[in-house]
Amino acid sequence: MDAKFEAILNSLPTKEPRSRLEPYSELITEMRKRGHSYREITQVLKKACGLKVGASTVNDFVLARSKSKAKPSLSTSRTTATKKNMEGLRGTYKDTEAHKSTGRPQKALEGIAKTIKELKDRPLKTRAKKLLFEYNPDEPLRLHRNQRTKE
Amino acid sequence: MYDSNTAATTERKNSDSPSVVSSTAPSKRVILTMGGKGGVGKTSFMLALAEWFQNHEIPVTLLDLDTENKSRGSLKHYFDGRVTKVNIHTAAGLDAFVDHLAEGAPIVLADMGASSGQVTHEWFDSMFEDVAATGVAFTAIGIVTPDPASVESILSWAARLQDRVNYVVVENAMTHQADFSYWRKSEQAEQFRTVFQPVVLTMEFRLPELENPARQHGVTLGQIVERRLNVPELQRASLVIRAQSYRRRLFEEIDKARGLLLP
């Protein structure tokens, strides 16, 4: 990240977690893994931590966390893909093992990059061709000088 | 200055060499008259050319694109049944060239009308490149008379067509001692000859007693020679021999341009 932006972020006061359950997320996650129900989790939180919450609140919290872990945001995903493509076009894309064995995808990328370069370098076709013969119909036909003298 | 020796050399060179337009030998050819000036003898020359091909048993497609010349005096008048009348003043313009070459003979003879310049030039600008790529070459026939307007007309056409066509120029002597000064001795015409090196042919003056009834009845020199017609004023022995003589000399002239008339 840009140092300037990082300095700005560091100067901001620390923001409290949006959910009251945030400090207990590790405990909740582990209990879910061990098969405890939401109701049981609320009872443990009440008895052991002094936190009174409903089962539905715990349910929402777990769902929200699982969603954010499973799917990175759309914009992040797209950025990553674009970055990879661009690296490939610049010839710095690292092949996977499968790609290395056939060499095809890398070749294709190189081909596209070459085509793009050739297309950019190609001179535009100009329609205006130099005229071999020009004639102005508004001018009278000029007879050669010696012909005019004879006459 | 116009030099007949130079012109003769040019004629030989052009007639023996293939089209200067296409890098590969063309397989088909469109021969079109450069319209613009009416009454200079475009149709008369095209008739002779059609007979020349007929004489050599080379099939040609005859197109009459002279929408102004409605009946008498048009190509259709002489070769009715063998001539297709085409209206070029449509969006498709001269696409008939392509269609007829695709369907029939390898040569199209197109008699253009006096007002066909703009349509023809626009068609060449939009279609020439792709049509030429299919092996079609073009020959433009210009007819000059002593009238300077006939010279101006072919120079105007050439300024638009440029080197996309080969040029054949026919000096049509419409009077006994025709003066072609504006064609032979004007600076602009000389420049045209220098740049495009046209093959120059001569169409000699024809006696009115032969030419007028032939036009009136729509008969060709060949029909007069072969006496295949029922026109009393054209059956005189001297006229028949004269028609034969005109025809033979004109065919000899056309032979000079054979390299630009055959595919």
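When reading the values below, keep in mind they use all heavy atoms of this one structure, side chains included, and skip hydrogens, waters and symmetry mates. Every chain is numbered from 1, with letters handed out A, B, ... down the list of sequences. Just so it is clear, the structure is predicted and the values come from calculations on it, not from any experiment.
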**Fill in**
Interatomic distance, CG@B:D163 vs CZ@A:F133, rounded to 0.5 Å, equals 12.5 Å

**Asked** Roughly how far apart are B:E190 CD and A:R142 CZ, rounded to 0.5 Å?
**Response** 11.0 Å

**Item:** Any side-chain heavy-atom pair of B:Q191 and A:Y135 under 4.5 Å
**Value:** no

**Asked** When you look at OH of A:Y38, are more than 12 heavy atoms from neighbouring residues, nucleotides or ligands closer to it than 6.0 Å?
**Response** yes

**Residues, nucleotides or ligands: over 12 heavy atoms within 6.0 Å of B:R249 CZ** = yes

**Prompt:** Given that the side chain runs from C-beta out, which part of B:Q162 has a heavy atom under 4.5 Å from chain A: side chain, backbone, both or neither?
**Reply:** side chain

**Most chain A-contacting option - heavy-atom pairs closer than 4.5 Å, from B:A159, B:A158, B:S153** = B:A159

**Message:** Atom CD of residue position A:E139 - does it have more than 12 heavy atoms of other residues, nucleotides or ligands inside 6.0 Å?
**Reply:** yes

**Spacing of CG belonging to A:L141 relative to CH2 belonging to B:W183, to within rounding of 0.5 Å** = 11.0 Å

**Item:** A:E30 atom CD, over 12 foreign heavy atoms within 6.0 Å
**Value:** yes

**Item:** Nearest-0.5 Å distance, CZ of residue B:R164 to CG of residue A:L132
**Value:** 10.5 Å

**Message:** Can you tell me how far apart NE2 (A:H144) and NZ (B:K185) are? Round to the nearest 0.5 Å.
**Reply:** 10.0 Å

**Message:** I'd like to know if the side chain of B:Q188 and the backbone of A:P140 have a donor-acceptor N/O pair within less than 3.5 Å.
**Reply:** yes

